[in-house]
2 protein chains.
Amino acid sequence: MNSSLDGFDIKILRLLQDNASLTNQELGDNVGLSASQVSRRRQRLEQEGVIRRYKASLDPDRLGLTVTAYVGVTLGAHSRQNAKRFRDMVVAMPEVQEAHTLTGDVDYMLKVVVTDLKALSRFINDELLPHEAVQNVRSSIAMETLKDDNLLPLG
Amino acid sequence: MNSSLDGFDIKILRLLQDNASLTNQELGDNVGLSASQVSRRRQRLEQEGVIRRYKASLDPDRLGLTVTAYVGVTLGAHSRQNAKRFRDMVVAMPEVQEAHTLTGDVDYMLKVVVTDLKALSRFINDELLPHEAVQNVRSSIAMETLKDDNLLPLG
DNA sequence: TAAGATAACGCACAGAAAGTGCACATAAGT
DNA sequence: ACTTATGTGCACTTTCTGTGCGTTATCTTA
């Protein structure tokens with residue numbers, strides 16, 4: 001059923017998450033397989049959900065998005081309703097690229113991308129803090145991005 | 001030269017970063033343009049660097065990568081050599097998906113993905129802490145991922 | 001080990017998508 | 001109003017994808 005991945009699959013995945021523009025022929029040349037076989041393996045990987053989707057990776061700077069920040073949020077009363085509503089709100093916010101619940105004293109970690117510091121300030125003060133569930137917000141601004149590729153370690 | 005983006009471009013980018021499998025025809029239908037025009041606009045956006053690449057987005061769980069953590073690193077002596085070497089090391093580490101320098105007391109923020117807690121412990125204790133530049137490491141484990149799509153807010 | 005079954009493979013072909021030349025339209029500048 | 005730039009759709013060529021099919025390899029069981 002959910003057959004585990006062999007070496008070919010791993011190699012194909014590694015290449016594809018780095019560059020999904022590669023043709024099946026190019027992938028095949030790299031891993032030692034024919035284009036048709038690569039096609040079949042890709043179909044299988046997509047159907048099994050190993051490959052979730054294909055995305056275009058855009059350059060934030062060229063889109064005027066100059067500020068990335070990590071925002072830690074601590075909720076006050078840990079009532080279920082409030083937490084649920086907070087999560088729904090956060091997930092729906094376009095500025096939020098990533099959102100996780102954490103272990104430890106901080107409840108949520110958000111990765112936020114906005115046009116400038118003013119927008120970050122507005123985001124925190126006008127959108128986050130007014131929510132009744134939020135007790136405390138601590139943000140850290142990313143000065144320099146060293147790596148942002150979000151490639152998973154395979155093999 | 002670097003012509004700014006019009007409404008068509010924005011719409012195309014928005015669709016593509018969410019689903020790069022859409023054909024030019026489908027994109028055109030969505031934004032009200034012919035396939036050939038979408039093709040030309042995409043070429044331009046790729047050449048200008050607005051679109052950096054296309055990537056396959058994989059499911060970490062199905063690859064046995066169950067633990068995501070945010071790791072804050074504080075360096076000791078702020079010597080340039082050490083900082084440079086630390087950065088090079090971090091960028092080369094496959095477990096590190098994202099790496100930023102921060103404002104404030106913590107110098108670096110890393111997003112790390114590994115197979116399990118044991119691997120996280122090993123990563124921190126055997127790879128990060130032994131580096132001579134590192135003074136302190138504080139990690140926070142992501143329990144639940146609410147959002148992880150890394151889509152930029154456009155328009 | 002031999003025989004049959006199952007899975008994986010490459011090749012060839014058909015359908016689909018991408019990208020370019022070209023003629024027309026629309027907007028901008030002189 | 002005329003000229004130039006840029007943008008557009010259509011038609012066509014090239015490239016890519018995906019499937020049918022016969023063959024090879026691997027696994028199972030007697």
Side-chain angles (χ1 to χ4, degrees), chain A residues 1-59 61-65 149-152 154-155, chain B residues 1-59 61-65 149-152 154-155:
Chain A
M1 177 139 306
N2 194 3
S3 63
S4 79
L5 312 171
D6 66 9
F8 287 128
D9 292 326
I10 299 293
K11 283 182 189 169
I12 291 171
L13 291 173
R14 208 174 349 229
L15 289 164
L16 275 181
Q17 75 169 338
D18 188 58
N19 178 10
S21 298
L22 292 169
T23 66
N24 290 333
Q25 184 64 52
E26 289 170 322
L27 289 166
D29 292 345
N30 270 284
V31 306
L33 228 46
S34 68
S36 62
Q37 284 320 301
V38 174
S39 173
R40 274 185 258 260
R41 280 171 182 270
R42 278 176 62 167
Q43 282 180 277
R44 199 191 69 222
L45 293 167
E46 288 162 16
Q47 193 172 3
E48 285 176 356
V50 180
I51 297 175
R52 286 194 288 208
R53 73 221 283 215
Y54 297 92
K55 308 196 309 186
S57 167
L58 310 182
D59 186 334
D61 287 336
R62 308 222 180 210
L63 294 163
L65 298 162
D149 51 16
N150 275 275
L151 303 186
L152 297 176
L154 299 181
Chain B
M1 175 138 309
N2 194 1
S3 64
S4 78
L5 312 171
D6 66 11
F8 289 127
D9 293 326
I10 298 293
K11 283 182 188 169
I12 291 171
L13 291 173
R14 211 178 340 234
L15 289 165
L16 275 180
Q17 76 169 338
D18 188 56
N19 179 9
S21 298
L22 292 169
T23 67
N24 290 333
Q25 183 64 52
E26 290 170 322
L27 289 166
D29 292 345
N30 270 284
V31 306
L33 229 45
S34 69
S36 61
Q37 283 321 300
V38 174
S39 173
R40 274 186 259 260
R41 281 173 182 269
R42 277 176 61 168
Q43 282 180 277
R44 199 192 69 224
L45 293 167
E46 288 163 14
Q47 193 171 3
E48 285 176 355
V50 179
I51 297 174
R52 287 193 288 206
R53 74 218 289 212
Y54 298 92
K55 307 195 310 186
S57 168
L58 310 183
D59 185 334
D61 287 335
R62 305 220 181 214
L63 295 163
L65 298 162
D149 52 15
N150 274 274
L151 303 185
L152 297 175
L154 299 179

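Convention: sequence-line order gives letters A, B, ...; per-chain numbering from 1.
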Subject >> Exercise: identify the closest heavy-atom pair between Ala56(A) and Ile51(B) >> reply: CB-CG2, 4.4 Å
**OP:** Quick one: look up who dT26(C) pairs with, Watson-Crick or G-U, both distances under 3.5 Å, and put none if it's unpaired.
**Re:** none
**OP:** Produce a footprint string for nucleotides 24-29 of chain C: one letter per nucleotide, 5' end first; B if the base is under 4.0 Å from any protein heavy atom, S if only the sugar-phosphate is, - if neither.
**Re:** ------
**OP:** Kindly give the heavy-atom pair with the smallest separation between Asp61(B) and Asp59(B), and that separation in Å.
**Re:** N-OD1, 2.9 Å
**OP:** For Arg52(B), enumerate each residue passing the salt bridge (charged side-chain N to carboxylate O under 4.0 Å, His left out) test, keeping only those at least two apart in sequence or located in another chain.
**Re:** none
Subject >> Where the chi angle of dA25(C) falls, syn if within 90° of 0 and anti if not >> reply: anti
Subject >> Atom-to-atom span, CD of Gln25(B) to P of dG15(C) - whole angstrom >> reply: 19 Å
Original post:
When we call it a touch if two heavy atoms are under 4.0 Å apart, what does Ser34(A) touch: a base, just sugar-phosphate, or nothing?
Top reply: base
Subject >> dA5(D) pairs with, by Watson-Crick or G-U criteria that keep both distances under 3.5 Å >> reply: none
Original post:
Are the side chain of Lys55(A) and the backbone of Leu151(B) linked by a donor-acceptor contact shorter than 3.5 Å?
Top reply: no
Subject >> Whole-Å gap separating P (dA8(C)) and CZ (Arg41(A)) >> reply: 7 Å
Original post:
Does any donor atom in the side chain of Gln25(A) or Asp29(A) lie under 3.5 Å from an acceptor atom in the other side chain?
Top reply: yes
Original post:
What are the two closest non-hydrogen atoms of Glu48(B) and Arg62(A), and how far apart are they?
Top reply: O-NH1, 2.7 Å
Subject >> Whole-Å gap separating P (dT17(D)) and CG (Leu16(A)) >> reply: 10 Å
Between the protein and nucleotides 18-22 of chain D, list every N/O to N/O distance that falls short of 3.5 Å.
{"unit_1": "dG18(D)", "atom_1": "OP2", "unit_2": "Ser39(A)", "atom_2": "OG", "d": "3.1"}
{"unit_1": "dT19(D)", "atom_1": "OP2", "unit_2": "Gln43(A)", "atom_2": "OE1", "d": "3.1"}
{"unit_1": "dT19(D)", "atom_1": "OP2", "unit_2": "Gln43(A)", "atom_2": "NE2", "d": "3.1"}
{"unit_1": "dG20(D)", "atom_1": "O6", "unit_2": "Arg40(A)", "atom_2": "NH2", "d": "2.8"}

Subject >> Arg44(A) CZ - dA7(C) P separation (whole Å) >> reply: 12 Å
**OP:** Mind listing the closest non-hydrogen atom pair of Glu26(A) and Leu22(A) along with its distance?
**Re:** OE1-CA, 3.3 Å
Original post:
Could you give the distance from CZ (Arg42(B)) to OG (Ser39(B)), rounded to the nearest 0.5 Å?
Top reply: 7.5 Å
**OP:** Mind calculating the distance between CG (Leu22(B)) and C1' (dA18(C)) to the nearest angstrom?
**Re:** 15 Å
What nitrogen or oxygen pairs link the protein and nucleotides 23-28 of chain D at under 3.5 Å?
none

Original post:
How close or far is atom C1' of dA7(C) from atom CG of Asp9(A), stated in whole angstroms?
Top reply: 14 Å
Original post:
Can you tell me how far P of dG7(D) sits from CG of Leu45(B), to the nearest Å?
Top reply: 12 Å
Can you list, pair by pair, the side-chain donor-acceptor contacts under 3.5 Å of residues 10-18 of chain B, counting residues two or more places apart and other chains?
{"unit_1": "Arg14(B)", "atom_1": "NH1", "unit_2": "Leu154(B)", "atom_2": "O", "d": "2.8"}
{"unit_1": "Gln17(B)", "atom_1": "OE1", "unit_2": "Leu152(B)", "atom_2": "N", "d": "3.0"}
{"unit_1": "Gln17(B)", "atom_1": "NE2", "unit_2": "Leu152(B)", "atom_2": "O", "d": "2.7"}
{"unit_1": "Asp18(B)", "atom_1": "OD1", "unit_2": "Arg53(A)", "atom_2": "NH2", "d": "2.6"}

Subject >> Interatomic spacing from CG in Leu45(A) to CG in Leu5(A) - rounded to 0.5 Å >> reply: 6.5 Å
**OP:** Measure from CZ on Phe8(A) to C1' on dC9(C) and round the result to the nearest Å.
**Re:** 10 Å
Original post:
What distance do Phe8(B) atom CZ and Leu33(B) atom CG have between them, rounded to the nearest 0.5 Å?
Top reply: 5.0 Å
**OP:** Apply salt bridge (charged side-chain N to carboxylate O under 4.0 Å, His left out) to Arg41(B) and list each qualifying residue two or more places apart in sequence or on a separate chain.
**Re:** Asp6(B), Asp9(B)
